[in-house]
Amino acid sequence: MKKKYQVFISSTYADLKEERMAVTQCLLDNDCIPVGMEQFPASGMSQMEYIKKMLDDCDYYILILAGRYGTLDKDGIGFTEKEFDYACQKNIPIMSFVFEDSSLIPNGKSEQTDLGKKKLAAFRKKVCDSRMVNFHTNIDQLKANVATSIN
């Protein structure tokens, strides 16, 4: 019997809805079970507690990184970065897909504050320096990179 792998999709949300949908469809097309914030129910657990619970059950972790750092937790660290750090800590295999040239990201999908830009640059450096990443410039290239990596 063929195993279906459960894959956690991590990214900022509002700016990457189309990319998340494309990656979700790519995973489904490759007999994987996507897990992401779109499926999170209302819960009495904190957001990070629930994320950790979901990550603990996943076989792989996908990070999509583009022009926003994302929502900060109480400690000032973004949830996307916390998810990445937790996946590293738990030795969950990570596949990172980074938008190649952040200067080409539309202004409405980019960080607007100096603090956000600084946090995004540091997170991007952490991701790119710590492991191999795939770069993309559009959704079609992202989907192709995900399909290749999953297989």
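None of these values were measured; they are calculated from a predicted model.
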| Side chain to side chain, P34 and V7, heavy atoms closer than 4.5 Å |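 No, side chains not in contact.
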
| said: With heavy-atom distances below 4.5 Å as the criterion, would you say the side chains of I62 and L27 are in contact? | reply: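 A side-chain contact exists here, since the closest heavy-atom pair is under 4.5 Å.
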
| Would a distance-only check, ignoring hydrogens and angles, find a side-chain to backbone donor-acceptor pair under 3.5 Å from E81 to I77? | no

| request: State whether the side chain of E100 and the backbone N or O of V98 hold a donor-acceptor pair below 3.5 Å, judged by distance alone. | output: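 Such a contact is absent between E100 side chain and V98 backbone.
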
Do you know the tightest heavy-atom contact between [X] and [Y]?
X	Y	answer
I92	L55	CD1-O, 3.4 Å
E111	G70	OE2-N, 3.5 Å
Y61	S10	OH-OG, 2.9 Å
G78	Y69	N-OH, 2.9 Å
G67	D15	N-OD2, 4.5 Å

Would you indicate whether [X], at its atom [atom1], is surrounded by more than 12 heavy atoms from other residues, nucleotides or ligands within a distance under 6.0 Å?
X	atom1	value
E18	CD	no
K90	NZ	no
K118	NZ	no

Sequence neighbours left out, what passes side-chain hydrogen bond (donor to acceptor under 3.5 Å, both in side chains) with [X]? Give chain and number order.
X	result
K125	D129
N145	none
Q6	none
K119	none

| task | Can you run down the ring-ring contact (aromatic ring centres under 6.0 Å, His included) pairs that involve residues 72-99, sequence neighbours left out, and say none if there aren't any? | result | F84-F123, F99-H136

| task | Kindly determine whether K52 and M48 satisfy side chain to side chain contact (heavy atoms under 4.5 Å, CB included), including the steps that lead there. | result | CA-CA 6 Å; K52 287 178 178 180; M48 201 59 218; 4.1 Å; yes

| request: Run the numbers on I105 and R68 for side chain to side chain contact (heavy atoms under 4.5 Å, CB included), then give the verdict. | output: CA-CA 10 Å; I105 297 171; R68 288 201 180 145; over 6 Å; no

| Verdict with reasoning, M95 to I150, per side chain to side chain contact (heavy atoms under 4.5 Å, CB included) | CA-CA 9 Å; M95 293 172 272; I150 285 294; 3.6 Å; yes

| remark: Taken in chain and number order and not counting sequence neighbours, the residues that satisfy ring-ring contact (aromatic ring centres under 6.0 Å, His included) with Y5 are Y60

| task | Would you please say whether a donor-acceptor pair under 3.5 Å links the side chains of S96 and R131? | result | no

